[in-house]
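In what follows, chains are A, B, ... by sequence order, proteins preceding strands, each numbered from 1.
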Amino acid sequence: MTVSNSTSENLLEVRNLKKYFPIKGGLMRRTVAQVKALDGVSFSIKKGETLGLVGESGCGKTTTGRTVLRLIPPSGGEVLFEGQDVLKASSSRMRTLRRDMQIVFQDPYASLNPRIPVGQSIAEGLTIHNIGTPKERLDQVAQVLDRVGLNSGHMRRFPHEFSGGQRQRIGIARALVMQPKLIVCDEPVSALDVSIQAQVLNLLNDLQKDLGLTYLFIAHNLSVVEHISNRVGVMYLGRMVELASRDQLFRKPMHPYTKALMSAIPLPDPTIKRDRIILEGDVPSPVNPPSGCRFHPRCWLAQDICKHDDPIFEEKEPGHFVACHFAQG
Amino acid sequence: MAQSDVLLKLKGVKTYFFTDEGTVHAVDGLDFQVRRGETLGIVGESGCGKSVTSMSILRLLGKTGKVIEGEIMFDGENLLDLSEEEMRKIRGNRISMIFQQPTTCLNPVFRIGEQIIEALQIHQGLSGEEANKRTIELLTLVGLPDPVRRMRSFPHEISGGQAQRVMIAMALACNPELLIADEPTTALDVTIQAQILDLMRELREKVNTAIILITHDLGVVAEMAENVMVMYAGKAVEYAPVHALFEAPKHPYTQGLIASTPVLGNVRDELETIPGQVPSLLNPPAGCRFASRCAHKMDQCTQEEPPLIKLEGDRLVRCWLY
């Protein structure tokens with residue numbers, strides 16, 4: 001299954017990525033079952049593009065972000081960054097790769113060390129990679145702080161002296177200081193109030209325009225993902241179920257899960273009355289995913305075939321990939 | 001009709017927290033009312049005082065917080081004058097509450113059924129068997145699958161969405177006149193949120209309970225509320241019927257809030273932002289609390305606090321522009 005044929009312009013290519021977490025049990029702590037957090041996910045991201053990944057809790061979107069960066073080892077598949085396999089890279093090669101691939105986390109409170117000044121947190125990557133003299137590092141930290149809308153005077157302060165929005169700016173500065181090519185943004189605005197969220201989203205957009213950054217933007221909020229992404233992938237229970245350009249996906253969703261997800265979002269306009277698709281039940285456990293199509297127990301279109309045959313993730317329209325036996329626009 | 005139409009009325013309520021760092025003016029002079037059967041949405045961002053408002057009504061402020069001024073009239077009685085024992089008869093009975101984190105609100109060491117039965121026995125004096133029967137009815141009402149078996153589950157054995165259904169069943173157990181729902185769907189996934197909102201709408205028709213719905217999500221408010229109060233830094237800044245509010249928000253803060261929310265199917269190049277951040281409630285600024293972030297700031301705004309100004313169509317706005 002090839003998601004894109006033109007390898008050259010793709011900064012990142014992920015092929016059939018799998019991550020199974022073992023569940024240990026019994027006296028001997030043997031592996032008794034596996035959580036199939038990621039079960040064969042493929043996608044690619046072009047240079048300068050933002051790929052949004054959406055889905056509900058436990059769909060595997062965060063695991064995708066972390067395995068791509070090799071923060072957790074995958075159970076199978078390939079991750080190609082500029083054509084080179086990240087998962088097979090030697091530790092010295094990995095060190096240089098890590099400079100090119102950075103991450104911004106959801107919780108700006110938990111991701112900064114409370115006991116060291118933020119300037120030092122931001123410079124940590126530079127120090128580890130032995131980039132520049134201490135004086136030069138200081139200059140670079142001052143520069144990125146300025147770039148994210150703070151100033152060099154903030155360098156000596158501690159995380160508790162900042163608001164949530166400012167801390168997320170610091171998180172972004174810390175990624176930015178390494179001059180990365182790819183930033184994985186894992187729910188970067190979910191912990192923020194809307195007025196602050198808008199500030200951070202605009203900042204991410206500006207940085208991308210100015211520095212030509214590529215984002216893998218992971219979020220559960222469809223409105224936010226629609227706002228920031230060029231292409232969007234929808235995940236359900238460890239699988240990618242739909243992947244398309246933003247306009248294709250939001251104007252003409254083809255997978256029933258995507259349709260349900262979109263119709264479930266309350267819109268801030270009381271005059272709109274919509275026919276809402278209400279899914280029944282909860283997301284099944286990824287330990288024992290349903291047979292056939294994983295969405296079939298909650299799907300209103302499900303037929304017999306859905307119980308037995310796992311639908312192929314295929315290109316139904318140019319650039320529009322769907323895994324569903326009854327996909328329709 | 002002897003019963004007044006107004007169920008709850010707050011007059012000049014001030015709730016302060018006395019901390020080591022100083023006095024936090026969490027709610028600073030709040031007036032509003034809820035009619036029987038009405039759904040009032042309270043919107044605002046972190047720290048605006050929306051949750052403290054609900055805790056003040058239920059008198060669940062803890063040691064450091066206190067309502068220092070004002071009246072909270074519930075069905076003609078000032079809740080602030082009641083003894084703790086009288087208050088206990090109201091909580092969970094005539095006024096009940098649903099919280100944001102359903103799983104942390106259930107007692108982990110008791111079975112779900114037992115927790116609902118307890119409320120029914122205490123408040124309604126039902127016998128064990130009657131309470132048992134009523135619990136099954138309630139769990140069926142909130143759409144919990146297989147209620148007879150589920151009653152015997154412990155909270156950790158059910159999902160977040162199911163736990164919120166149990167919380168709603170518990171809240172409705174004694175047919176409360178007022179239900180306070182504090183971010184009832186914030187911790188839930190959107191498809192589960194849709195189920196719970198649907199359930200709340202359905203139950204509202206059936207039991208005619210007045211609801212105070214506290215949320216930061218403008219979408220949820222637009223969908224559920226009849227009237228909306230927007231709060232900022234401990235004050236109500238705007239009050240309006242829901243259609244009017246979204247059609248033409250009057251307060252600059254409400255306008256900013258609506259403009260900075262990304263809306264599905266309506267992509268803009270750049271989101272509007274509200275510059276700066278919420279002022280500290282330890283030392284709230286003089287004048288209008290939104291002044292430092294407001295694009296329409298005038299000299300008057302930093303000197304004198306605007307009153308709630310009455311506009312056409314049941315609207316109130318706290319801004320010198322009007």
Engaged part of [X] at the chain A interface, taking heavy atoms whose separation is under 4.5 Å:
X        : result
B:Gln193 : side chain
B:Leu197 : side chain
B:Pro275 : backbone
B:Val263 : both

Please round to the nearest 0.5 Å and tell me the distance separating atom CD1 of A:Ile196 and atom OG1 of B:Thr273.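 If we round to the nearest 0.5 Å, A:Ile196:CD1 and B:Thr273:OG1 are 9.0 Å apart.
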For the CG atom of B:Leu264 and the CD1 atom of A:Ile265, what is their distance to the nearest 0.5 Å? 5.0 Å
Any non-hydrogen side-chain atom of A:Asp269 less than 4.5 Å from a side-chain atom of B:Glu247? no
Do B:His216 and A:Val194 come close enough that some side-chain heavy atom pair is under 4.5 Å? no
With respect to chain B, which residue among [options] yields the maximal number of heavy-atom pairs within a distance under 4.5 Å?
options                               : answer
A:Ser223, A:Gly164, A:Ser263, A:Gly55 : A:Ser223
A:Val225, A:Thr271, A:Asn205          : A:Thr271
A:Ser195, A:Ala198, A:Ala264          : A:Ser195

Check B:Pro262 against A:His227 and note the closest heavy-atom contact, atom names and distance.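 Here B:Pro262 and A:His227 meet closest at CB-CB, 4.2 Å.
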So for [X], is it side chain, backbone, both, or neither that comes closer than 4.5 Å to the heavy atoms of chain B?
X        : answer
A:Arg251 : neither
A:Asp247 : neither
A:Leu201 : side chain

With a 4.5 Å cut-off on heavy-atom pairs, point out which of B:Gly256, B:Gly161, B:Gly265 contacts chain A the most. B:Gly265
Could you have a look at B:Ile274, B:Thr191, B:Val220 and say which one has the most heavy-atom pairs with chain A under 4.5 angstrom?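 Among the listed options, the one with the most contacts to chain A is B:Thr191.
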Apply side-chain hydrogen bond (donor to acceptor under 3.5 Å, both in side chains) to the pair A:Ser163 and B:Gln277, showing each step before the final yes or no. CA-CA 8 Å; A:Ser163 67; B:Gln277 44 194 306; 3.1 Å; yes
Is the number of heavy atoms from other residues, nucleotides or ligands under 6.0 Å of [X] [atom1] greater than 12?
X        : atom1 : value
B:Asn266 : CG    : yes
A:Arg276 : CZ    : yes
B:Asp269 : CG    : no
B:Glu272 : CD    : no
B:Arg268 : CZ    : yes
B:Glu270 : CD    : yes

Given B:Ser260 and A:Gln197, is the side-chain contact (heavy atoms from CB on, under 4.5 Å) satisfied, shown in steps? CA-CA 8 Å; B:Ser260 59; A:Gln197 168 181 297; over 6 Å; no
Sub-3.5 Å donor-acceptor pair from the side chain of B:Asp189 to the main-chain atoms of A:Glu56, do we have one? no
Please check if the side chain of B:Gln195 supplies one atom and the backbone of A:Ile278 the other of a donor-acceptor pair under 3.5 Å. no
Worked check of side-chain contact (heavy atoms from CB on, under 4.5 Å) between B:Val190 and A:His220: CA-CA 8 Å; B:Val190 274; A:His220 69 282; 5.9 Å; no
Stepwise side-chain contact (heavy atoms from CB on, under 4.5 Å) check, A:Arg246 with B:Val267: CA-CA 10 Å; A:Arg246 171 177 72 189; B:Val267 180; 3.5 Å; yes
B:Glu223 and side-chain contact (heavy atoms from CB on, under 4.5 Å): which single residue from A:Pro268, A:Pro266, A:Pro270 fits? A:Pro266
